[in-house]
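Here the structure is laid out as structure tokens; the discussion comes afterwards.
Note on naming: letters A, B, ... go to the chains in the order of the sequence lines (proteins, then strands), and numbering restarts at 1 for each one.
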Number of protein chains: 4
Amino acid sequence: MAIEKRGGIFAKRRQRRISRRRDEILKAAARIFAEKGYAGSTTKEIAAQADIAEGTLYNYFDGKREILLAIVNASQAPLETMLQEVRELRGREDLIALAEKIFDSLLSQTPFTRTVMVEAWLDDVILQGVVMERMQRIGQHLQAFITARVEAGAFRPVDPVLTSWMVIGMFSAIILPILRGHTPSPSPERRRALAEAAVDMLLDGIRVREG
Amino acid sequence: MAIEKRGGIFAKRRQRRISRRRDEILKAAARIFAEKGYAGSTTKEIAAQADIAEGTLYNYFDGKREILLAIVNASQAPLETMLQEVRELRGREDLIALAEKIFDSLLSQTPFTRTVMVEAWLDDVILQGVVMERMQRIGQHLQAFITARVEAGAFRPVDPVLTSWMVIGMFSAIILPILRGHTPSPSPERRRALAEAAVDMLLDGIRVREG
Amino acid sequence: MAIEKRGGIFAKRRQRRISRRRDEILKAAARIFAEKGYAGSTTKEIAAQADIAEGTLYNYFDGKREILLAIVNASQAPLETMLQEVRELRGREDLIALAEKIFDSLLSQTPFTRTVMVEAWLDDVILQGVVMERMQRIGQHLQAFITARVEAGAFRPVDPVLTSWMVIGMFSAIILPILRGHTPSPSPERRRALAEAAVDMLLDGIRVREG
Amino acid sequence: MAIEKRGGIFAKRRQRRISRRRDEILKAAARIFAEKGYAGSTTKEIAAQADIAEGTLYNYFDGKREILLAIVNASQAPLETMLQEVRELRGREDLIALAEKIFDSLLSQTPFTRTVMVEAWLDDVILQGVVMERMQRIGQHLQAFITARVEAGAFRPVDPVLTSWMVIGMFSAIILPILRGHTPSPSPERRRALAEAAVDMLLDGIRVREG
DNA sequence: CATGAATGAGTCTTCATTCAT
DNA sequence: GATGAATGAAGACTCATTCAT
């Protein structure tokens with residue numbers, strides 16, 4: 001019986017091993033990049049954090065920059081799967097649920113998200129290709145919701161694009177200190193409360209209704 | 001007749017010349033830092049941008065890091081003077097006026113503001129000592145306003161701290177693409193419109209009043 | 001019945017297999033070394049060219065340097081056997097035949113020859129122990145021939161050592177562009193013509209005899 | 001009186017200082033490259049040989065490869081000026097004089113010449129653009145001489161190209177051991193003798209004229 | 001004060017060699 | 001024996017800082 005070479009059990013095991021190692025390196029690098037920024041981090045630190053030799057990095061990635069790009073890519077996944085589950089937004093509950101899910105997906109791997117947020121300030125590829133792209137996808141859902149309601153006469157005739165931007169800003173303001181490590185990650189209950197507060201402000205503002 | 005050295009007219013001229021040169025360097029450095037981040041910038045680039053020799057930088061600053069800190073400090077001034085003029089906030093008009101002023105002061109020297117925003121992600125000194133400090137000062141005004149109104153029964157019983165955070169987030173979302181260079185700086189009319197939109201959303205939300 | 005281990009048929013087969021594999025590796029390495037030089041080649045490239053894993057190299061050779069030395073050694077064989085067949089040189093025909101044989105042996109494995117030629121420029125061991133040694137052996141034949149003829153009054157009283165050096169230079173000039181890959185390998189007829197041209201120049205020069 | 005900036009005496013002095021330093025570096029690098037080959041040499045060694053810090057190399061050259069190319073270029077000069085002085089070759093004396101001059105120019109800066117010879121084995125740019133180009137220029141002079149004489153009936157109808165190649169080979173054989181450092185540089189008298197021996201062999205061969 | 005060449009510690013990356021599987 | 005991942009020493013190159021002019 002010949003040794004299975006392709007598609008065999010060994011090849012699969014090997015693939016898994018490689019994949020696992022890559023993930024470890026990415027996690028280590030994301031922690032470093034999140035703390036010091038890409039340019040301020042060294043491959044030596046990354047290797048130490050991943051508990052491997054510096055040279056080993058290059059068995060898994062073509063270079064420091066490729067590690068960054070892999071992190072950026074990996075950061076896509078949670079939000080991506082989340083967005084694919086989004087149904088049409090109909091009312092307050094849908095918005096709150098969406099907000100909660102966005103919280104969860106962004107906070108599920110804070111070093112990755114933080115790395116992306118930092119580098120988007122400096123790198124146009126990351127800003128345009130990743131951050132903007134994602135924000136626009138979330139924005140589209142919001143805008144569709146707002147536009148429909150405006151036409152139905154339920155919402156004031158606001159600018160849907162600007163409004164969705166401001167909503168995203170509101171949520172970002174909540175998440176930022178957590179990403180930055182300035183505030184601990186909130187409990188699920190707290191997340192729900194934050195989502196409600198934001199959505200209620202969006203819908204009704206803070207002024208008491210006179211009617 | 002000896003040349004006056006201290007306090008004389010020459011000494012003052014010298015002071016002014018030094019001060020002017022420092023400002024030029026800061027402006028040059030801020031442009032570079034804003035584009036590439038502190039760690040990604042070189043003193044050579046800064047010197048070239050400032051049109052001086054590399055060594056000359058060290059006649060005005062103790063090192064690269066000190067240039068950054070000076071930029072961070074310089075970025076304080078506009079917001080500072082602006083905040084000192086703020087009177088008690090009483091209603092929609094006051095909020096809009098405040099928003100406009102914040103826009104103006106942050107956008108009056110975008111490279112400085114952008115540099116601070118980027119580095120605050122990485123440097124705790126800058127985050128705590130500068131960014132947070134400023135946000136809290138703005139926040140205090142908002143919170144005082146909100147608290148008073150809640151007590152007066154004019155506002156719903158929202159959490160003033162959280163609300164002010166979200167407001168700051170809304171404004172940030174508007175300013176960010178401008179700072180980042182992704183969107184051109186808005187005209188005064190546009191700034192007014194943006195401020196109104198944000199304040200109205202804060203006060204009344206987007207839902208049509210039923211009464 | 002136990003498997004014969006020493007001197008048995010299996011052991012011989014094993015020896016042959018090992019020997020064959022070593023030769024494959026040498027051929028692969030010589031191709032690489034000839035193109036990029038020893039220092040400019042990597043064990044990874046050699047392994048790839050030999051279609052084996054990098055680690056396998058070390059089952060057949062102690063290291064990169066040993067591969068080079070084995071190539072240098074292997075390059076000896078053809079010239080060696082050729083030189084052992086050389087009889088006393090008596091005249092034009094013998095010289096031409098010798099020249100042809102030298103061509104053949106040097107061109108029979110160009111990557112090996114080229115590798116040796118390149119590294120002899122840099123490595124004293126190779127220069128002294130191999131290249132010089134061979135040239136001197138060829139030189140001795142020529143010098144014996146020249147000396148005898150000079151004494152017999154058939155040749156002018158030239159310096160035999162210098163003359164043999166120049167002859168070797170003439171031949172080298174012909175071979176060099178072929179080794180270097182700049183010129184295709186010449187046909188047997190062409191080789192004969194080249195050999196004749198060189199020998200005739202040696203014997204009679206290019207000037208027309210006046211007698 | 002303003003400080004002269006362009007074309008002034010200071011600028012010229014500076015140019016000279018830079019030029020001198022570049023030459024020192026090239027000399028040092030050529031020594032190292034000649035001994036160990038380009039790929040086998042390190043910038044550390046070059047810097048040490050030039051008695052400067054490693055980083056200083058990069059103030060004068062863009063990188064290791066550019067140092068090599070500068071050496072290759074610098075090696076052009078002596079042969080170049082020499083070739084421009086060459087008049088039409090008419091007879092034995094002209095050939096001897098040419099040979100002597102070629103000796104001189106190649107040996108005037110042996111590390112440069114040796115570096116070029118070694119790298120030409122490995123680098124097509126150097127082989128084609130430099131070595132071949134030079135050999136062809138020398139070759140053209142020889143070929144013109146040979147062709148004219150053949151047509152005049154003074155030379156046998158040899159192939160001029162092949163013959164000039166062989167002549168170059170003869171000379172190379174004489175120079176090689178000197179370049180390689182295997183033989184000391186010959187005295188002017190010895191050079192003259194070598195040139196005569198080579199030219200006489202070219203013209204008349206070594207066989208005694210029967211007439 | 002201005003200059004910019006010199007410095008060398010530190011960076012990213014390569015590669016010969018080892019060794020567990 | 002064959003494999004190829006792991007290693008870390010060493011290499012080319014960068015850059016903040018110093019200092020002689």
Establish, with yes or no, whether the OP1 or OP2 oxygen of dA12(F) is under 4.0 angstrom from a side-chain nitrogen or oxygen of Lys64(D). yes

Could you report the tightest heavy-atom contact between Ala34(B) and Pro111(B), atom names first, then the distance? CB-O, 3.7 Å

Contact under 4.0 Å: Thr42(A) side-chain N or O vs dT11(E) OP1/OP2: no

Considering all heavy atoms of both residues, which atom of Ala120(C) and which atom of Val131(C) are nearest to each other, and what is their separation? CB-CG2, 3.6 Å

I'd like to check Gln76(B) versus Val130(B) (side-chain heavy atoms, cut-off strictly below 4.5 Å). Are they in contact? yes

Rounded to whole Å, please give me the gap between CZ in Arg13(A) and C1' in dG4(F). 17 Å

Position toward the 5' end of DNA chain E (nearest nucleotide), Gly55(D) or Ala39(C): Gly55(D)

Whichever of Arg65(C) and Asp51(D) has its nearest DNA chain E nucleotide further upstream toward 5': Asp51(D)

Heavy-atom side-chain proximity of Leu122(A) to Tyr38(A) below 4.5 angstrom: no

Distance-only criterion, 3.5 Å: show the donor-acceptor pairs between side-chain atoms of residues 41-62 of chain B and protein atoms not counting sequence neighbours.
from     : atom 1 : to       : atom 2 : distance (Å)
Ser41(B) : OG     : Gly37(B) : O      : 2.6
Thr42(B) : OG1    : Glu45(B) : N      : 3.1
Thr42(B) : OG1    : Glu45(B) : OE1    : 3.3
Thr43(B) : OG1    : Glu54(B) : OE2    : 2.9
Glu45(B) : OE1    : Thr42(B) : N      : 2.9
Glu45(B) : OE2    : Lys36(B) : NZ     : 2.5
Gln49(B) : OE1    : Arg31(B) : NE     : 3.2
Gln49(B) : OE1    : Arg31(B) : NH2    : 3.4

May I ask you to say what Ile18(B) touches in the nucleic acid, namely base, sugar-phosphate or nothing, with a heavy-atom cut-off under 4.0 Å? sugar-phosphate

Side-chain N or O of Tyr58(D) closer than 4.0 Å to phosphate OP1/OP2 of dC13(F): yes

If you check every side-chain atom of Ala53(A), which of dA12(F), dG1(F), dT7(F) has the closest atom? dT7(F)

Starting from C1' on dT3(E), measure out to CD1 on Ile46(B) and report it in whole angstrom. 17 Å

Less than 4.0 angstrom between a side-chain N/O of Thr43(A) and OP1 or OP2 of dT11(E), yes or no? no

Quick one: Phe61(C) CZ to dA2(F) C1', roughly how many Å, whole number? 16 Å

Between dA16(F) (C1') and Glu45(B) (CD): distance, integer Å: 13 Å

In whole angstrom, give the distance that lies between atom CG of Leu57(C) and atom C1' of dT17(E). 11 Å

Considering only heavy atoms from C-beta outward, does the side chain of Leu68(A) approach that of Lys64(A) to under 4.5 Å? no

So, is Arg14(B) near the phosphate of dC1(E), with a side-chain N or O under 4.0 Å from OP1 or OP2? yes

Mind listing the closest non-hydrogen atom pair of Phe33(C) and Ile71(C) along with its distance? CD1-CD1, 3.5 Å

Any stems for DNA chain E, made of 3 or more Watson-Crick or G-U pairs in a row, each with both distances under 3.5 Å? E:2-21 with F:2-21

Within the pair Arg17(B) and dC1(E), is there a side-chain N or O less than 4.0 Å away from OP1 or OP2? yes

In whole angstroms, how far is the P atom of dG11(F) from the CD1 atom of Ile67(D)? 15 Å

What is the nucleic acid contact for Tyr60(D), judged by heavy atoms within less than 4.0 Å: base, sugar-phosphate only, or nothing? sugar-phosphate

How long is the line joining CD1 of Ile25(B) and P of dA16(F), in whole Å? 15 Å

Between Thr56(A) and Arg21(C), whichever has its closest DNA chain F nucleotide further toward 5' is Arg21(C)

How long is the line joining CD of Glu24(C) and P of dG1(F), in whole Å? 14 Å

Min side-chain heavy-atom separation Ser75(D)-Thr113(D) under 4.5 Å: no

Can you see if the side chain of Asn59(C) gets near the phosphate of dA2(F) - specifically, an N or O under 4.0 Å from OP1 or OP2? yes

Could you please name the option among dA12(F), dC12(E), dC1(E) that lies closest to any side-chain atom of Glu54(D)? dA12(F)

